[in-house]
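Right, one structure below, let's go through it.
Residue numbers begin at 1 in each chain, while the letters A, B, ... track the order of the sequences. The model shown is predicted, which means the values in this text are computed figures rather than measured ones.
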Number of protein chains: 2
Amino acid sequence: MSKLPSLKNLSYLLALHQHQNFNRAAQASFVSQSTLSSGIQNLEEQLGCQLIERDHKSFLFTAMGEEIVERSRAILTSTEELVNYAQSQGNVMEGPLRIGCIPTIGPFLLGLLSKTLQQQYPKLELLIREDTTQQLMNFLRDGELDVLILALPVDLQGNQQWIVGKDPFKMVLAPAVAEIAGDPVNYNKLPDKSIFLLEKEHCMTGHAVTACRLGNKEKINPFTASSLHSLIQMAEALNGATFVPQLAIDAGILAGTDLVIKDPSDGEAYREIGLVFRPTTSRRQTFRKLAETLAELLPEATLR
Amino acid sequence: MSKLPSLKNLSYLLALHQHQNFNRAAQASFVSQSTLSSGIQNLEEQLGCQLIERDHKSFLFTAMGEEIVERSRAILTSTEELVNYAQSQGNVMEGPLRIGCIPTIGPFLLGLLSKTLQQQYPKLELLIREDTTQQLMNFLRDGELDVLILALPVDLQGNQQWIVGKDPFKMVLAPAVAEIAGDPVNYNKLPDKSIFLLEKEHCMTGHAVTACRLGNKEKINPFTASSLHSLIQMAEALNGATFVPQLAIDAGILAGTDLVIKDPSDGEAYREIGLVFRPTTSRRQTFRKLAETLAELLPEATLR
DNA sequence: AACGAACTATCAGTTTATCCGATTATAGTA
DNA sequence: TACTATAATCGGATAAACTGATAGTTCGTT
C-alpha cells in the first residue's frame, strides 16, 4: 500500500485550481507561496503523475489534474462534514448550513423558513446566498454552499435533487385588462404585447409560461423585467398582465397595487421547488429535515 | 473553519475499530502503541467529542465513534482510490482490483473471466476471494474487497448493485429417475425424497428452486449438500435429481457422470448474477468495464 | 535592448508535528 | 502476592511542514 497524500496538500491543489495562481491560492490557504508550491510538487511525486503543466509564466491543469481536483473536493467536503457532524454532537440540525436560493423564491420564502428553522432548531446557523441558478450550481460544486433551493427542472450536472413541493402560477392583470381577459384567463383576449415576462435567466419556466411563450408570441411584450418587483410594476404601469408565483403573492408582493389575480387558462400552471445537493454529501439527514420544514411552507407539498 | 483531522489519525481509528485492541491495531498500522493511543486522543480533541469510552482495562466505541468510523472509512477508501487512479495514469483497468465471489459462481466463471481480463487489460492485477455472501459483504464494508460477484437477490445493506446477466437452472437427473420425470420435468412424477438441494447459505434461490421448495416438500431429500460437486455426487449415487446452474454445466461439472440434463418445469428457472459495490466508491468506470466483460461470459446478458 | 512587473521554483534555516521507547497505572489472573 | 495484559503518559529523537529570501522565467513597456 503506497502512502496516502495529506489532506493539506489536497486542499492546496483545490485552492490552486480555484485561484489559478500560486500566490493567491497560498494566501487563501494561509500559507506562503513556497509552501504551496512544494506541497503541489510533493503531491505530484506521491501520486506519480503530472497534475499541472508548467510553462514558467503560467500553468494549466492536466486532465488528470482536473480529475484529481474533483476527487479531492469530494474527500475534503466529506472530511469537513465529518468534523461538522462530530462538533454538533451528532445533532444534524446544529452548526452551519449554507443554503443557496434563487431570487424568485428567496425573498418570499426564506424569511419564513429561517424563522421556522430558528424556532425548531435554535443551534442551526443559517447562511443564505441569493444568486442565479448557474452561479449557485458553481458554488455548490466548489463546496461553498451545502444545498440549493431551486425552481425545477434544472440541469443537475451530476448533483442530486429532491422535489419539495409545487408553487402555482397566478396571472396578475391591470384592471383594464382584467375586465376583458375572462376567468380563467384566455390569452387570445389579451391585447398584443400586454404580457410581460422575466428575463430568461430567472427560469420561471412553468408549463403555463412556456405554453404562453410558444403559442401566443404576439401577446408578449419584448421588454423583460429583471425582478419580480419590477415585473409587477411594469404590468401595472403599462396596463398589462404577467405571471406571478403564489409564493410571492402570499408574501404580499401585490400590496399597494390595484392588480387583479386570476387563474391562468392552463390548469397545470405551477413550478416545482426542489433541493439540490452534491451526491457525495454526508448530510442527507440534515437536508431531509430541511426538506420537511420547507414542504410545510409551500402551497403544495410533494416530498420525493 | 476548524482544523481537519489527519488521514493517519482516521486510519488509526479504523484499525482500532477493527482490532478492538490498541496493541494489535498499532501493529497493523505499523506504529507503536503510544503513537496510536495519542493519535486517537488527538482525534477526540480535534473533533471535540468522545469516540471511545474507556474503563481502564478495555474500551467501547460510542455511537458517535461508530458513526465517525463509518465516515472515516468512506474518506479513506476514496483517498486510496484517488491514489490508485493517479498511479494507474487514469487507466481504470490498471492496478489492483479485489473481487469477491460466491462458491457456486466462482469456480465456473472466474477462470474464464480472469483469462479474458488479463488478455484485454494486461496491467489489471486481479485478486479474488471466494466466500459466503455474508462474509463477502463484510469484507466489502471493511474496504478489503472492491466489488462482489453475487447471485441475486441479496440484502444490499446500503450497497449498490448492477445486474449483469442470468444463469438458467437445469435439472440434472440420474438415468433411472430421468426416464420417469418427463421433459420438462414434472416434479410430481419424481419419487419422494429424490430432489437434493444445497445448504441454505448458498442462496441458490432461483424461482424454480423456491417453487419446488414450497410446492413439493415431500420430494425433497432432507440431506443438503455443501457444494455443487457433492450435490451432483449425491444425486448420482442415490439415484436422485437436483438443480444445477447452466454456468457450472458449461464448465463441465457433469463430466464423468451419467446424469441427464433436462429443463425444469418452471420456465422462469434462472438466477440473476450481479455486481455489488460500495455506493461511495469512485471506481464505477472500472466496475462498468468489469460488468461488460462479465456479461459476455454469462449465458444471458442483461446489463442494468 | 533594457527594464520592471508578474510569476513559479528553490534553498537554508526554523518551527511544528509525529513517532518511539521506557515507564506508569490499572485491573484481572495465577 | 506476583504476574500478565492493557492503555495512558512523558522526554527526547526524527521527520515533515513552513517561512523568507532569492533565483530564474516570461511578458509587456519603454
Round to the nearest Å and state the distance from [X] atom [atom1] to [N] atom [atom2].
X	N	atom1	atom2	answer
A:Leu60	C:dC7	CG	C1'	15 Å
B:Ile40	C:dC19	CD1	C1'	15 Å
A:His19	C:dC7	NE2	C1'	16 Å
B:Arg54	D:dA8	CZ	C1'	9 Å
B:Gln27	C:dC20	CD	P	12 Å
A:Glu44	C:dA9	CD	P	9 Å
A:Arg24	C:dT8	CZ	C1'	13 Å
A:Glu53	D:dT25	CD	C1'	17 Å

Cation over ring face, B:Arg71 and A:Tyr85, 6.0 Å, 45°: yes
Measure from NZ or CZ of B:Arg129 to the centre of the six-membered ring of B:Phe139, then state whether that distance is under 6.0 Å and the direction lies within 45° of the axis. yes
Donor-acceptor pairs are to be reported for all side-chain atoms of residues 286-293 of chain B against protein atoms at under 3.5 Å, with residues two or more places apart or in another chain.
residue	atom	partner	partner atom	Å
B:Thr286	OG1	B:Val92	O	2.9
B:Thr293	OG1	B:Lys289	O	2.9

Flag for A:Asn84-A:Glu80: side-chain donor and acceptor within less than 3.5 Å: no
With a 3.5 Å cut-off and no angle check, do the side chains of B:Gln87 and A:Gln46 form a donor-acceptor pair? no
Is it true that A:Arg73 and A:Glu66 have a side-chain N and a carboxylate O under 4.0 angstrom from each other?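 Here A:Arg73 does not pair with A:Glu66 in a salt bridge, since their nearest N and O are not under 4.0 Å apart.
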Going from CD1 on B:Ile75 to CD1 on B:Ile68, what distance comes out if it is rounded to the nearest 0.5 angstrom? 8.5 Å
Touch check for B:Asn23, heavy atoms < 4.0 angstrom, all strands: base, sugar-phosphate only, or nothing? sugar-phosphate
D:dA7 phosphate, OP1 or OP2, under 4.0 Å from B:Asn21 side-chain N/O: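 Yes, B:Asn21 has a side-chain N/O under 4.0 Å of OP1/OP2 on D:dA7.
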Check every atom of D:dT9, C:dT10, C:dC7 against the side chain of B:Ser37 and return the nucleotide holding the closest atom.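 Of all the options, the side chain of B:Ser37 is nearest to D:dT9.
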Please pick, from C:dT8, D:dA8, C:dT10, the nucleotide with the shortest atom-to-atom distance to any side-chain atom of B:Gln41.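 Side chain of B:Gln41 sits closest to D:dA8.
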Looking at side-chain heavy atoms only, is the closest gap between B:Val31 and B:Tyr12 below 4.5 Å?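 Yes. Closest side-chain heavy atoms under 4.5 Å.
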Testing B:Val154, B:Leu148, B:Asn138 one by one against B:Thr133 for a side-chain contact (heavy atoms from CB on, under 4.5 Å), which residue passes? B:Val154
So if I define the base as every atom that isn't primed, P, OP1 or OP2, how would nucleotides 14-19 of chain D read as a B/S/- string at a heavy-atom cutoff under 4.0 Å? ---SSB
Taking the axis from the first five pairs and the axis from the last five, what angle separates them in the helix from C:dA1-D:dT30 to C:dA30-D:dT1, rounded to 10 degrees?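 About 10° separates the two local helix axes.
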